[in-house]
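The figures that follow rest on heavy atoms only: side chains count, while hydrogens, waters and symmetry mates do not. Order of the sequence lines sets the chain letters (A, B, ...), proteins ahead of strands, with each chain counted from 1.
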2 protein chains.
Amino acid sequence: MSTEGILQNIARYVDLTSWEQQALSALLSTRTLEKRDFLEHPGHVCHHQTYVVQGALRSYLIADDGSEHTVQFAIEDWWISDFNSYIAQEPATLHVEAIETTQVLQLHFNDAEQLCRDYPRFERYFRLVAQKAFAFAQKRMLTNLSMDAETRFIRFNELYPSIVQRVPQYALASYLGMSAEFLSKVRKRTLRS
Amino acid sequence: MSTEGILQNIARYVDLTSWEQQALSALLSTRTLEKRDFLEHPGHVCHHQTYVVQGALRSYLIADDGSEHTVQFAIEDWWISDFNSYIAQEPATLHVEAIETTQVLQLHFNDAEQLCRDYPRFERYFRLVAQKAFAFAQKRMLTNLSMDAETRFIRFNELYPSIVQRVPQYALASYLGMSAEFLSKVRKRTLRS
DNA sequence: TAGTTTTCTTGAACCAGTTCATTTTTTGCC
DNA sequence: GGCAAAAAATGAACTGGTTCAAGAAAACTA
């Protein structure tokens with residue numbers, strides 16, 4: 001099982017002993033998804049946090065009017081879930097779906113909590129990750145509040161060119177808070193000049 | 001010094017020993033702000049996390065065109081800061097300003113980190129708080145992506161009526177992602193019916 | 001490699017929300 | 001209580017972005 005990636009990721013935040021590394025590895029389960037397979041569904045409690053080894057996933061809401069709104073993309077080395085469902089262990093509202101063939105590692109909520117209890121370093125790791133995620137979410141909010149659609153696309157394209165390449169445009173549009181048609185026009189405009 | 005509130009808040013997440021409670025209390029500093037006083041300024045590193053004992057604060061960005069965008073409100077029993085600046089210890093981009101006379105408790109970044117190292121329960125507390133904050137931020141993002149201005153106001157008014165009462169309307173508008181003028185019209189419409 | 005499905009593009013009509021300018025109301029303060 | 005400053009309301013003109021409908025291009029599938 002390929003846990004090197006995830007262990008390296010964690011090593012950027014905390015130094016795990018090899019015993020701790022083993023404890024984690026023992027709890028991770030591998031899973032492979034084909035494009036359009038779902039990892040989570042609205043109405044079902046999200047029991048796992050999912051780490052992407054290879055591939056790309058996206059979480060999104062389908063609103064009452066049928067429109068889709070992307071909450072998150074996850075490519076290699078990112079965690080994804082319906083996070084609210086995961087931490088509260090309440091029914092999910094989001095879909096988590098594979099954008100391409102994807103290999104993931106999953107950690108069950110109960111196991112993650114147990115790890116945190118048993119080993120302070122895991123508690124620390126998940127604290128630091130959550131804090132970073134929160135800061136990121138606030139930045140995104142601010143970007144959407146303060147910048148127009150074109151600027152939002154240009155920025156995102158600078159920051160995450162690899163996601164722009166790999167993800168369907170309608171999904172990116174719904175992440176950036178504009179219609180797919182408008183993103184198409186914006187791309188034409190900006191990539192021309 | 002009035003630390004009962006904050007200790008109760010923490011007790012909702014973890015059980016602190018009285019020794020741990022004392023360790024925290026010793027590190028907290030009280031501060032009183034008048035309306036329009038600033039707690040943080042863009043360009044200065046945000047060294048503290050601030051807990052509101054009594055009063056109301058708001059954090060916001062001033063964009064290049066001079067427009068204000070509210071990131072967060074904090075009333076009694078909430079934490080506030082320029083969170084990105086705080087966790088990365090980088091210069092802030094946000095203002096944190098008192099909306100009314102406000103009494104706060106402040107915890108220095110270094111002290112918070114030390115507490116986390118010394119006492120796993122603090123690490124746990126800050127993990128749980130950060131996770132909840134992240135889930136909240138994702139929900140807010142989704143609300144802004146998927147609902148129109150009027151619905152956003154109605155929802156916010158249902159969830160946080162006390163904030164709607166206490167906060168200037170232009171600040172609320174900039175939090176909800178609409179112009180102050182439009183919020184004024186929306187209010188008229190919805191409060192009439 | 002033809003046929004099917006999915007995604008992307010394009011243009012025209014439209015509208016939710018903005019902007020600007022002005023007036024009214026509320027708040028604070030000596 | 002009276003004056004100044006800040007906040008809220010109001011209306012008219014405008015615009016950034018949406019919606020709808022239709023066609024073109026990619027991407028799968030057999």
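- Nearest heavy atom pair, residue B/A98 against residue B/L33, reads CB-CB, 4.0 Å.
- Rounding to whole angstrom units, CZ of residue B/R166 and P of D/dA8 are separated by 15 Å.
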Could you go through nucleotides 23-25 of chain D and list every protein N or O atom that sits under 3.5 Å from one of its N or O atoms, giving the distance for each pair?
none

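- Here the P atom of nucleotide C/dT19 and the CG atom of B/D65 are 8 Å apart, to the nearest Å.
- For the pair B/F182 CZ and D/dG11 P, the computed distance is 15 Å after rounding to whole Å.
- The other residues sharing a hydrophobic cluster with B/I62 are B/F38, B/Y60, where clustering joins ILVMFWY side chains under 4.5 Å apart.
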Can you name the atoms? Protein N/O to nucleotides 20-25 of chain C N/O, anything below 3.5 Å, with the distance.
residue, atom, partner, partner atom, Å
C/dC20, N4, B/E181, OE2, 3.4

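- Summarising the geometry, the separation between NE2 on B/H69 and C1' on C/dT18 is reported as 13 Å, rounded to the nearest angstrom.
- Between A/L183 atom CG and C/dT9 atom P there is a gap of 8 Å when expressed in whole angstrom units.
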Result block: side-chain N/O donor-acceptor pairs under 3.5 angstrom for residues 133-145 of chain A, not counting sequence neighbours:
residue, atom, partner, partner atom, Å
A/R140, NH1, A/V71, O, 2.7
A/R140, NH2, A/T70, O, 3.2
A/R140, NH2, A/Y175, O, 2.9
A/T143, OG1, A/K139, O, 2.9

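- Going from atom CE of B/M178 over to atom P of C/dT19 covers 14 Å, rounded to whole Å.
- Taking every heavy atom of residues 146-163 of chain B and every atom of DNA chain C, pairs under 4.0 Å involve B/D148, B/A149, by number.
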Inset, instruction - Tell me, with the steps shown, if A/F73 and A/R166 meet side chain to side chain contact (heavy atoms under 4.5 Å, CB included). - result: CA-CA 10 Å; A/F73 295 111; A/R166 286 166 76 171; over 6 Å; no
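- The aromatic rings of B/F156 and B/Y160 sit tilted relative to each other, their planes meeting at an angle between 30° and 60°.
- B/E97 contributes no side-chain N or O that, together with a main-chain N or O of B/S59, makes up a donor-acceptor pair within less than 3.5 Å.
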Inset, instruction - Decide side chain to side chain contact (heavy atoms under 4.5 Å, CB included) for A/F122 and A/L16; before the verdict, give the C-alpha distance in whole Å, the side-chain angles of both, and the deciding distance to 0.1 Å. - result: CA-CA 8 Å; A/F122 283 106; A/L16 295 185; 3.8 Å; yes
Inset, instruction - Carefully, step by step, assess A/T3 and A/L28 under the rule side chain to side chain contact (heavy atoms under 4.5 Å, CB included). - result: CA-CA 9 Å; A/T3 58; A/L28 292 170; 3.9 Å; yes
Legend entry - Criterion salt bridge (Lys or Arg N to Asp or Glu O under 4.0 Å) on A/E113 and B/R124, from CA distance to verdict: CA-CA 10 Å; A/E113 291 296 311; B/R124 179 173 181 77; 3.7 Å; yes
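- Remark: B/H108 NE2 is packed, more than 12 non-hydrogen atoms of other residues, nucleotides or ligands lying under 6.0 Å away.
- For D/dA9, the OP1/OP2 oxygens have no side-chain nitrogen or oxygen of B/K188 closer than 4.0 Å.
- For A/R12 and A/Q8, the side-chain atoms include no donor-acceptor pair closer than 3.5 Å.
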Inset, instruction - Starting from the C-alpha separation in whole Å, work towards a yes-or-no answer on side chain to side chain donor-acceptor pair (under 3.5 Å) for B/Q103 and B/T32. - result: CA-CA 4 Å; B/Q103 212 200 120; B/T32 300; 5.2 Å; no
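- Atom-to-atom, CG of B/L176 to P of C/dA16 comes out at 19 Å; the value is rounded to the nearest Å.
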Inset, instruction - Go through the steps to decide whether A/E34 and A/T101 satisfy the test side chain to side chain donor-acceptor pair (under 3.5 Å), and finish with yes or no. - result: CA-CA 4 Å; A/E34 294 307 315; A/T101 303; 3.2 Å; yes
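- Between B/S81 and B/V96, the shortest heavy-atom distance links the atoms C-CG2, 4.2 Å.
- Here D/dA6 presents its P atom at 17 Å from CD1 of B/I99, a figure rounded to the nearest Å.
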Each nucleotide N or O in nucleotides 6-8 of chain C that has a protein N or O under 3.5 Å away: list the pair and distance.
residue, atom, partner, partner atom, Å
C/dT7, OP1, A/Y170, OH, 3.0
C/dC8, OP1, A/Q169, N, 2.9
C/dC8, OP2, A/Q169, N, 3.0
C/dC8, OP2, A/Y170, N, 3.3

